[in-house]
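Take a look at the structure below.
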Amino acid sequence: MSQLPPCPACASEYTYEMGALLTCPECAHEWQAESATDAGEEQVIRDAVGNVLADGDTVTVIKSLKVKGSPTGIKAGTKVRNIRLVDGVGDHDIDCKVDGIGPMQLKSSVVKKV
């Protein structure tokens, strides 16, 4: 049986799991359980076809994307050089600079490693 951490709000030792959250029955505080990525393991980010991505890779956008403030957006086949893997907003996990558009974040599911 695994030992659950005490409540960070009231230090109660009677915490329990409720779905993806840990819950304290004494103060009703809920928090995220520490995942494998929080414990120091690197998260593996893969492109749309399953290739492992790394910082500095060059990728190609596989489908046209609309971009707010840009009349053209990003067309399929656009190469993006020198990507940086980040824990971005939502599931955006690539930080990059697209020629003609500027800095932005992309989802790994819409790119393919070159």
Side-chain angles (χ1 to χ4, degrees):
M1 186 162 119
S2 68
Q3 185 70 14
L4 295 176
C7 175
C10 70
S12 171
E13 60 186 33
Y14 302 111
T15 58
Y16 62 92
E17 290 182 270
M18 189 161 80
L21 298 175
L22 294 177
T23 305
C24 175
E26 293 184 7
C27 70
H29 180 68
E30 295 180 340
W31 69 98
Q32 290 282 334
E34 187 173 319
S35 65
T37 57
D38 294 337
E41 292 184 21
E42 281 293 316
Q43 180 182 7
V44 177
I45 298 177
R46 298 182 182 271
D47 66 1
V49 293
N51 298 322
V52 177
L53 296 174
D55 287 345
D57 282 346
T58 299
V59 296
T60 302
V61 178
I62 61 171
K63 70 180 221 176
S64 296
L65 304 171
K66 294 181 181 177
V67 178
K68 285 185 180 179
S70 172
T72 59
I74 302 173
K75 295 186 182 195
T78 302
K79 282 191 178 183
V80 180
R81 292 176 175 77
N82 199 18
I83 66 169
R84 193 167 51 107
L85 303 178
V86 295
D87 187 21
V89 178
D91 51 355
H92 292 74
D93 44 16
I94 297 175
D95 197 22
C96 61
K97 189 180 286 187
V98 180
D99 291 338
I101 305 289
M104 64 175 27
Q105 290 187 346
L106 295 173
K107 296 179 181 181
S108 59
S109 61
V110 297
V111 299
K112 183 175 86 171
K113 188 173 180 177
V114 175

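One-based numbering along the sequence shown. Note that the structure is a prediction, hence the values are computed from the model and not measured.
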Shortest non-hydrogen separation from His92 to Gln105 and the atoms involved
CD2-O, 3.5 Å

Check this for me, if you would: do Arg84 and Asp55 make a salt bridge, where the nitrogen-to-carboxylate-oxygen distance has to be below 4.0 angstrom?
no

Hey, could you give me the CG/CH2 distance between Leu21 and Trp31, rounded to the nearest 0.5 Å?
9.5 Å

Within the side chain of Thr78, is there an N or O that forms a donor-acceptor pair under 3.5 Å with the backbone of Lys75?
yes

Val110-Val98 co-clustered via ILVMFWY side chain contacts under 4.5 Å
yes

Report yes if some heavy atom in the side chain of Ile45 is under 4.5 Å from a heavy atom in the side chain of Val52; otherwise report no.
no

Quick check for you: to the nearest 0.5 Å, what is the distance between Ile94 atom CD1 and Met104 atom CE?
12.0 Å

Min side-chain heavy-atom separation Val111-Val80 under 4.5 Å
no

Roughly how far apart are Ile74 CD1 and Leu106 CG, rounded to 0.5 Å?
5.5 Å

Indicate the atoms forming the closest heavy-atom contact of Ala48 with Ser109, along with that distance.
CB-O, 3.4 Å

To the closest 0.5 Å, what do you measure between CG (Leu22) and CD (Glu17)?
6.0 Å

Flag yes if Ile83 and Val67 sit in one hydrophobic cluster, no otherwise; membership is Ile, Leu, Val, Met, Phe, Trp, Tyr, and two members link when side-chain heavy atoms are under 4.5 Å apart.
yes

Donor-acceptor contact present, side-chain Thr15 to main-chain Pro5, <3.5 Å
yes

Run the salt-bridge test on Lys113 and Asp47 with the 4.0 Å N-O cut-off and return the result as yes or no.
no

So does Asp87 get a backbone contact from the side chain of Asp93, meaning a donor-acceptor N/O pair under 3.5 Å?
no

Using 0.5 Å steps for rounding, measure from the CG atom of Leu65 to the CD1 atom of Ile101.
9.5 Å

What is the minimum heavy-atom distance between Cys24 and Ser12, and which atoms define it?
SG-CB, 3.7 Å

Please answer whether the main-chain N or O of Arg46 pairs with a side-chain N or O of Ser108 as donor and acceptor at a distance below 3.5 Å.
yes

Separation of Lys63 NZ from Lys112 NZ (nearest 0.5 Å):
15.5 Å

